[in-house]
Trainee: 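My structure is below; once you've seen it, I'll send some questions.
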Amino acid sequence: MTHETAGAPGRDFIRDIIESDMAAGKSQVVTRFPPEPNGYLHIGHAKAIQINFGVARQYGGRCHLRFDDTNPTKEEQEYIDAIKRDVHWLGFDWGPHLYYASDYFEQLYEWAEHLIRTGKAYVDDLGAEEMRAMRGNLTEPGRDSPYRDRSVAENLDLFRRMRAGEFPSGARVLRARIDMASGNMNLRDPVLYRILHAEHPRTGSKWYIYPTYDFAHGQSDAIEGVTHSLCSLEFEDHRPLYNWLIEHLPVPSRPRQYEFARLNLSYTVLSKRFLTELVRQGRVSGWDDPRMPTLAALRRRGVPPAAIRDFVNRAGIARANSVVDIAMFEHSIRELLNKTAPRRMAVLRPLKLVIENYPAGAGEELEAVNNPEDPAAGTRRIAFGRELYVEQDDFMEDPPKNFYRLSPGREVRLRYAYFVTCRDVVKNSAGEITELICTYDPLTRGGNASDGRKVRATLHWVSAAHAPRAEIRLYNPLFARPDPGAGGDFMADLNPHSLERLTGARVEAALATAIPEEPIQFERQGYFCADVDSAPDHLVFNRTVGLRDSWAKVQGAG
RNA sequence: UGGGGCGUAGCCAAGUGGUAAGGCAGCGGAUUUUGAUUCCGCGAUGCGGAGGUUCGAAUCCUCCCGCCCCAGCCA
């Protein structure tokens, strides 16, 4: 609960605008999240989703989920389904307000004719190349198309025939008649409709012409009664066109567009084009590869939606381009999981430890706390015996001063079990340590010495006779540099060590029934969850995020 | 060189004329049966720069510098 209140959205310029609008008499707030179904949602979209749904909820309004499906050559039903699933998973509900820009194609068409009749739009026969050449550039004005002054009757006739499918794809377009000399390129007679003989996921083969984003978006907002159309900064110079269309059309409402900076994350790429490329080239296993920044991937990796919401709230909303440190995201994940994830023990890189004074063939069960941060989580019994596994990293034959885990002659605590002292080290012919011979103190059962003596370290462990094997997938940043692509080619910046598979791990018996997506803390290691690939005879766990590790820091510095 | 934006600590980000919030990261220290968590402490005489207005400027004015977006029949 506290994590939700801690991550509550603060003040921001959008909320300021809405509040002053309401103070000025605007009766309700209607927003919309308008994804194009041409890819999976990622954490950047989480920000847009949260702003739109969050603001609507906060001010008693509503938020629509509207698919911006105006380009049938790129959109697919698979994406529509995935987007709906992900928005719900993130924790938002559009209720009955699920819409598609394609629902408005007929109305949009009528409005296009309206523009033609009022002399505000014309059919242009220029090819794409010619049109670009005549559009001018950033410093030079464009030139009027030779078709710019066609009669209303001819425009109407041509546009109707475009709709009827009389012309091939790309043959003609409908353009707004605004100003070819505008400093704003979007006002140089922007294309409103293009001919596309393509099957649409929802309208099938009904249409041969499709509206562009500019012609569909604002009008869709107006049809739905959207009051605040919130989008990202790159649409800023589309706003004059957005307003122009609203002004020149008999739309039922007057929505207003406001822009905010999109979310960027260090060591991450958040662009559908790049993500699509990673999937298409097989650089990742799919849209839900746990290394991806997609919501589907974060879910599979074990990141709770509440952690994403908390992170987005922390990052804030502003109009300045920025790149948020991935560490801030990890902090949100850890903070939530620390309070909620049950603890278990798992040995990632096992080293056998034999307790020579523990009776052979004997065994016992010890009580372990499920979550020290949450007494209500209770306790569990874990098997203990003569042969155990501990982490290879927890032993050093010749340790430096600041290493206080196990080493020859040193006593440490086995969590929730006993104090053990290392008596001998067994090596193979290659000189590698294969086994640790220890003794235990029966009077330290549970982890405390009756004489009050202390040990510096506490190790996690599993009973060799009871611990199933497991595959552990450790994830590191997908990119090796904080600003992938800054060098020109983001593919060249891929981190070759983004996935590390450990196949010989041994885990606490209770982990055999772990359920995908449910967070677990492997004590002293990090937060993990069972992967969807996991099966009873082949357990697989994903590392969501590691615990903070000041020892690693000390080592790195040394 | 056209149009539109943005510049507050390493990274986000409040602040809207009254003397620089908060978070992340980092660095100390305390506690600790997770080298985790938790707790305590530390950072901008300064708000891209230079002038100006004012009793007073991150906030107002002028000029300059830097960065981002726009030349798809993508969104």
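Both backbone and side-chain heavy atoms feed into the values below; hydrogens, waters and symmetry mates do not. Here is how names work: the chains are called A, B, and so on, in the same order as the sequence lines, proteins then strands, and each is numbered from 1.
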Trainee: Could you tell me the separation between the CG atom of Asn264(A) and the C1' atom of C6(B), rounded to a whole number of Å?
Mentor: 14 Å

Trainee: I'd like to compare against my own output: the B/S/- annotation of nucleotides 64-75 of chain B with a strict under-4.0 Å heavy-atom distance to protein.
Mentor: ----SBBBSBSB

Trainee: Identify, with sequence neighbours excluded, every residue that meets salt bridge (Lys or Arg N to Asp or Glu O under 4.0 Å) alongside Arg273(A).
Mentor: none

Trainee: What is the distance from CD1 of Ile326(A) to C1' of G26(B), rounded to the nearest Å?
Mentor: 18 Å

Trainee: Please, which pairs that meet ring pair (Phe, Tyr, Trp, His ring centres under 6.0 Å) have at least one residue in residues 328-347 of chain A, sequence neighbours excluded?
Mentor: Phe311(A)-Phe329(A)

Trainee: Under 3.5 Å for both donor-acceptor distances, Watson-Crick or wobble: does C24(B) have a partner, and if so which one?
Mentor: G10(B)

Trainee: Tell me, which pairs form a salt bridge (charged side-chain N to carboxylate O under 4.0 Å, His left out) where one or both residues lie in residues 443-461 of chain A, sequence neighbours left out?
Mentor: Glu364(A)-Arg445(A), Glu411(A)-Arg453(A), Asp441(A)-Arg453(A), Asp451(A)-Arg453(A)

Trainee: Using the P atom in both, what is the distance from U54(B) to U16(B), to the nearest Å?
Mentor: 23 Å

Trainee: Give me the distance, rounded to whole Å, that separates G18(B) from G23(B) when you measure between the P atoms they each carry.
Mentor: 24 Å

Trainee: Considering residues at least two apart in sequence or located in another chain, which fulfil the ring-ring contact (aromatic ring centres under 6.0 Å, His included) criterion with Phe403(A)?
Mentor: Trp551(A)

Trainee: If we take the C1' atom in both C6(B) and U45(B), what is their distance in whole Å?
Mentor: 27 Å

Trainee: Is Phe329(A) touching bases, backbone alone, or none of the nucleic acid, heavy atoms closer than 4.0 Å?
Mentor: nothing

Trainee: To the nearest 0.5 angstrom, please state how far the NE2 atom of His217(A) sits from the CD atom of Gln257(A).
Mentor: 7.0 Å

Trainee: Can you tell me how far apart CG (Asp374(A)) and NZ (Lys339(A)) are? Round to the nearest 0.5 Å.
Mentor: 11.5 Å

Trainee: Watson-Crick or G-U wobble partner for G2(B), using a 3.5 Å limit on both distances?
Mentor: C70(B)

Trainee: Give a yes or no on this: more than 12 heavy atoms of other residues, nucleotides or ligands lie within 6.0 Å of atom CZ of Arg256(A).
Mentor: no

Trainee: With nearest nucleotide decided by heavy atoms, which residue, Gly316(A) or Arg445(A), maps closer to the 5′ end of RNA chain B?
Mentor: Gly316(A)

Trainee: Just the rounded figure in Å: distance from C1' of C12(B) to CG of Asp12(A).
Mentor: 14 Å

Trainee: A58(B) and G15(B): how far apart are their C1' atoms, nearest whole angstrom?
Mentor: 8 Å

Trainee: On the nucleotide C6(B), are OP1 or OP2 found under 4.0 Å from the side-chain N or O atoms that Arg319(A) carries?
Mentor: yes

Trainee: How is Val455(A) classified with respect to the nucleic acid when contacts are heavy atoms under 4.0 Å: base, sugar-phosphate, or nothing?
Mentor: nothing

Trainee: Check salt bridge (Lys or Arg N to Asp or Glu O under 4.0 Å) between Glu277(A) and all other residues, then give those that pass, not counting sequence neighbours.
Mentor: Arg280(A)

Trainee: Taking only the P atom of each, what is the distance from G28(B) to G7(B) in whole angstrom?
Mentor: 34 Å

Trainee: Which whole number of Å gives the distance between the C1' atom of A20(B) and that of A14(B)?
Mentor: 10 Å

Trainee: Does Ser322(A) put a side-chain nitrogen or oxygen below 4.0 Å from OP1 or OP2 of A13(B)?
Mentor: yes

Trainee: Calculate the interatomic distance between Arg15(A) atom CZ and A13(B) atom C1'; express it in whole Å.
Mentor: 14 Å

Trainee: Would you mind reading off the distance between Arg188(A) atom CZ and G4(B) atom P, rounded to a whole angstrom?
Mentor: 13 Å

Trainee: Please report the distance, rounded to the nearest Å, between NE2 in His331(A) and P in C12(B).
Mentor: 17 Å

Trainee: What interatomic distance, in whole Å, is found between C1' of U59(B) and the corresponding atom of U19(B)?
Mentor: 12 Å

Trainee: Check ring-ring contact (aromatic ring centres under 6.0 Å, His included) between Phe260(A) and all other residues, then give those that pass, not counting sequence neighbours.
Mentor: none

Trainee: Taking the side chain as every heavy atom from C-beta outward, state whether Ile195(A) and His197(A) have any pair of such atoms under 4.5 Å apart.
Mentor: yes

Trainee: Can you check the distance between A13(B) and U8(B), where both ends of the measurement are the P atom (answer in whole Å)?
Mentor: 9 Å

Trainee: Assuming nearest nucleotide by heavy-atom distance, tell me which of Ala261(A) and Arg334(A) is located more 5' along RNA chain B.
Mentor: Ala261(A)

Trainee: Round to a whole Å and report the spacing from CG of Asn313(A) to C1' of G22(B).
Mentor: 14 Å

Trainee: Expressed as a whole number of angstroms, how long is the span from Phe13(A):CZ to U16(B):C1'?
Mentor: 15 Å

Trainee: Among all residues two or more places apart in sequence or in another chain, which pass the salt bridge (Lys or Arg N to Asp or Glu O under 4.0 Å) test with Arg202(A)?
Mentor: Asp103(A)

Trainee: Do Arg32(A) and Tyr99(A) form a cation-pi contact, if we require the NZ or CZ to be under 6.0 Å from the six-membered ring centre and within 45 degrees of the ring's axis?
Mentor: no

Trainee: Taking salt bridge (Lys or Arg N to Asp or Glu O under 4.0 Å) as the definition, give me every residue that meets it alongside Asp144(A), ordered by chain and number, with sequence neighbours left out.
Mentor: Arg148(A)

Trainee: Going by purine N1 to pyrimidine N3 plus the second Watson-Crick contact, or the G-U wobble pair, all under 3.5 Å, which nucleotide sits opposite A36(B)?
Mentor: none

Trainee: Distances under 3.5 Å between protein N/O atoms and the N/O atoms of nucleotides 34-36 of chain B, please, pair by pair.
Mentor:
from, atom 1, to, atom 2, distance (Å)
U34(B), O2, Gln521(A), OE1, 2.9
U34(B), O2, Arg524(A), N, 2.8
U34(B), N3, Gln521(A), OE1, 2.6
U34(B), O4, Arg343(A), NE, 2.6
U34(B), O4, Arg343(A), NH2, 2.8
G35(B), OP1, Arg524(A), NH1, 2.8
G35(B), O4', Tyr404(A), OH, 3.4
G35(B), O3', Ser550(A), OG, 3.2
G35(B), O2', Ser550(A), N, 3.4
G35(B), O2', Ser550(A), OG, 2.5
G35(B), O2', Trp551(A), N, 3.2
G35(B), N7, Arg405(A), NH1, 2.1
G35(B), O6, Tyr404(A), N, 3.4
G35(B), N1, Asn402(A), O, 3.0
G35(B), N2, Asn402(A), O, 3.3
G35(B), N2, Tyr404(A), OH, 3.4
G35(B), N3, Tyr404(A), OH, 2.6
A36(B), OP1, Ser550(A), OG, 3.0

Trainee: Which parts of residues 41-49 of chain A get close to RNA chain B, meaning a heavy atom less than 4.0 angstrom away?
Mentor: none

Trainee: Taking syn as any angle within 90 degrees of 0 and anti as the rest, which one fits G28(B)?
Mentor: anti

Trainee: Across all strands, who's sitting opposite G56(B) as a Watson-Crick or G-U wobble pair, both distances under 3.5 Å?
Mentor: none

Trainee: His42(A): which residues meet the ring-ring contact (aromatic ring centres under 6.0 Å, His included) condition with it, sequence neighbours left out?
Mentor: His45(A)

Trainee: Give none if G51(B) has no partner; otherwise give the nucleotide forming a Watson-Crick or G-U wobble pair with it, both distances under 3.5 Å.
Mentor: C61(B)

